[in-house]
Amino acid sequence: MALSNATTGLRRDSKQISIFHNENVRALIVFLSSLGLFLLFWEVGARAEWFTRGVPTASATFKELWWWVTNPFFDNGPNDLGIGWNLLISLRRVAIGYILASLVAIPIGILIGISPVAYKAFNPYMQLLKPVSPLAWLPLGLYLLRDSEKTGIFVIFISSMWPTLINTAFGVASVDKDYLDVANTLGASRLRTIFKVIIPAALPNIVSGLRISMGIAWLVIVAAEMLLGTGLGYFIWNEWNNLSIPNILVAIFIIGTVGLLLDSLFAALEKFVAFGRNS
Amino acid sequence: MRSASVNSSSPTDQSSPLPQLSIRNVSKVFPGKRGLFNKLSGKTSRDFVAIEDISLEIEPNTFVSIIGPSGCGKSTLLNMIAGLSSISEGDILLNGAPITGPGPDRGMVFQSYALMPWMTVEENLRFAVETVDPTLSTKGANRIIKEYIQLVGLTGAERKHPHELSGGMRQRVGIARALAINPQILLMDEPFGALDALTRGFLQDEVERIWEQQRKTVIMITHSIDEALLLSDRIVMMTRGPAARVDEVLEVPFPRPRNRETIEQHPAYHALKAEMESHLFRETRAVEEARMSR
Ligand SMILES: Nc1ncnc2c1ncn2[C@@H]1O[C@H](COP(=O)(O)OP(=O)(O)O)[C@@H](O)[C@H]1O
Ligand SMILES: [Mg+2]
């Protein structure tokens with residue numbers, strides 16, 4: 001939206017006003033100048049040793065980032081692995097756990113949402129388990145599975161299940177009664193109503209559940225991997241043991257960027273299934 | 001003209017003495033909350049009698065409007081006819097057979113349009129047509145869809161989604177969808193209630209035009225006296241709730257096809273309008289007074 005506004009700004013009337021009146025342009029200016037100030041403060045502060053000793057300068061950190069990004073795939077053993085490999089390892093774990101969780105959560109959410117009794121009966125479980133910190137599942141996973149790789153996936157699975165489950169059940173349970181009335185007056189079968197009306201109507205809720213779950217999965221994997229042998233989380237833990245602060249900052253930046261990309265993907269999907277509804 | 005005299009056939013159809021729809025001593029009671037559980041939580045409430053002992057006979061090919069103060073039970077009555085709401089007492093017979101649930105012999109137009117936002121105009125109609133007749137070939141369905149999109153003047157908007165349409169266009173889709181399943185009776189619950197005055201007038205003219213072509217039995221709920229006078233053969237005026245009844249049924253003698261200007265010239269126009277105004281005013285004032293003294 002914002003982009004198309006800016007590009008269609010070629011219209012005569014809007015061209016006469018200075019482009020600095022455009023909200024997006026102004027936001028970009030504030031963003032860039034605050035970023036510049038921050039980097040300047042960091043660089044000067046680190047050089048003047050305003051912070052704790054050992055804090056790298058901004059320029060050193062960027063050099064480091066450049067090196068890691070241009071050499072993503074090398075493999076000198078588990079403690080010296082390119083960031084690309086670590087990223088792929090983390091993404092793979094997230095993908096497996098998250099997809100399994102979604103495959104379980106969406107059908108169960110639909111079943112729970114369809115029946116008012118089931119919705120009321122199972123809601124306490126969902127509400128109770130939702131706020132449990134994902135890491136609380138870690139010991140349980142290790143005990144049950146006795147394997148760090150499987151435990152990582154288990155933790156992703158169990159913690160990224162609840163938002164999808166809750167949102168799906170809620171979306172299905174709160175389908176606009178008018179849609180159901182339409183299906184009823186036409187004499188649609190239960191199955192046809194579920195597939196043609198209820199699920200499409202609940203889709204925006206389902207997708208926003210998936211989006212929250214994805215965010216959680218990405219948060220959790222980094223923490224969980226500190227206790228596992230590979231992945232971005234382990235990379236950070238390892239660099240902390242090496243006391244390599246620039247590398248930790250590089251990893252934080254990469255984790256943030258990937259999280260942002262994943263979230264944008266789901267934001268686009270949300271828009272795609274909304275059809276003018278704003279949920 | 002009390003409700004008892006309603007059985008006389010309508011002026012548009014003298015040949016058919018059999019009513020298409022008979023509403024016989026129908027009441028609707030919304031049950032209150034009772035039982036131990038509700039008593040403990042202090043949430044008990046008494047039964048609510050929304051409408052009581054309504055009788056009405058509707059002959060084929062008549063356009064009937066129901067008008068009454070807000071909250072009197074018009075939607076409740078229409079939903080019972082549609083089969084969406086259970087009948088507490090009495091019977092509603094469609095062609096002599098009691099109504100037990102919803103069915104495609106009755107098409108419904110909703111005030112909120114109730115179009116599926118994820119379906120295009122065409123898909124909304126297709127959903128209705130294919131649900132009602134699953135054996136229909138794609139070609140047959142396409143033909144029906146095209147015909148009804150044309151009937152409501154939406155040609156060119158087939159591929160659009162509802163959110164890309166204006167309110168008036170959306171309700172055209174709603175009307176097309178209800179008619180496309182070829183129901184015996186068309187039920188409309190304040191179909192133009194959410195539209196601005198200009199669009200509303202425009203759509204009323206459209207409904208008048210379509211009705212002249214199809215002459216289906218229509219039951220329409222409305223708040224608008226002008227709308228009722230323009231479109232109806234008969235106007236059912238309901239009293240305020242609770243326990244709402246039919247107060248009076250007016251015959252509208254204007255010849256068809258009608259339009260706004262010519263009906264105003266008709267000698268009966270002003271008397272009918274005054275009658276409806278005084279009825280609505282009286283009932284609405286009583287509702288307000290009851291609310292204040294509570
Ligand atoms: N499901 C329900 N349970 C209890 N009361 C209801 C229910 N639906 C409607 N009512 C009551 O029945 C009365 C008639 O409602 P309605 O038929 O919607 O009125 P109208 O369409 O004439 O404005 C109102 O007083 C409303 O509060
Ligand atoms: Mg109503």
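Throughout, a chain's letter reflects where its sequence line sits, starting with A, and its residues are numbered from 1.
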Rounded at 0.5 Å granularity, tell me how far CG in A:Asp178 sits from CE in B:Met108.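 The CG atom of A:Asp178 sits 8.5 Å away from the CE atom of B:Met108.
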If you measure from CZ on B:Arg106 to OG1 on A:Thr185, what distance do you get to the nearest 0.5 Å? 9.0 Å
Should B:Phe127 and A:Val197 be marked as a side chain to side chain contact (heavy atoms under 4.5 Å, CB included) after you check the CA-CA gap, both sets of side-chain angles, and the distance that decides it? CA-CA 10 Å; B:Phe127 174 69; A:Val197 178; 3.6 Å; yes
Just wondering, more than 12 heavy atoms not from [X] lying within 6.0 Å of its [atom1]?
X	atom1	result
B:Lys216	NZ	yes
B:Phe48	CZ	yes
A:Glu23	CD	no
A:Phe253	CZ	no
A:Arg92	CZ	no
B:Glu147	CD	yes

Using heavy-atom distances under 4.5 Å, tell me whether B:Leu115 contacts chain A through its side chain, its backbone, both, or neither. backbone
Please classify the contact of B:Glu130 with chain A as side chain, backbone, both or neither, using a heavy-atom distance under 4.5 Å.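 Backbone plus side chain of B:Glu130, per the 4.5 Å heavy-atom cut-off to chain A.
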When B:Pro162, B:Ala128, B:Ala82, B:Gly83 are compared by non-hydrogen pairs under 4.5 Å with chain A, the top option: B:Ala128
Most heavy-atom pairs under 4.5 angstrom with chain A, which of B:Ile181, B:Leu84, B:Asp105? B:Leu84
Trace of the side chain to side chain contact (heavy atoms under 4.5 Å, CB included) decision for B:Met116 with A:Val182: CA-CA 9 Å; B:Met116 314 291 175; A:Val182 169; 3.8 Å; yes
Could you check if a side-chain atom of B:Trp118 sits within less than 4.5 angstrom of a side-chain atom of A:Pro204, using non-hydrogen atoms only?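 Sidechains of A:Pro204 and B:Trp118: no contact.
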Quick one, A:Leu186 and B:Pro104 - any side-chain contact, counting heavy atoms below 4.5 Å? no
Any chance the side chains of B:Thr131 and A:Arg192 put a donor and an acceptor closer than 3.5 Å? yes
Chain B heavy atoms under 4.5 Å from A:Asp176: which part of the residue, side chain, backbone, both or neither?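 Neither part, no heavy atoms under 4.5 Å.
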Take the angle between the ring planes of B:His163 and A:Phe275 and call it parallel below 30°, perpendicular above 60°, tilted in between.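 Answer is tilted, since the angle falls between 30° and 60°.
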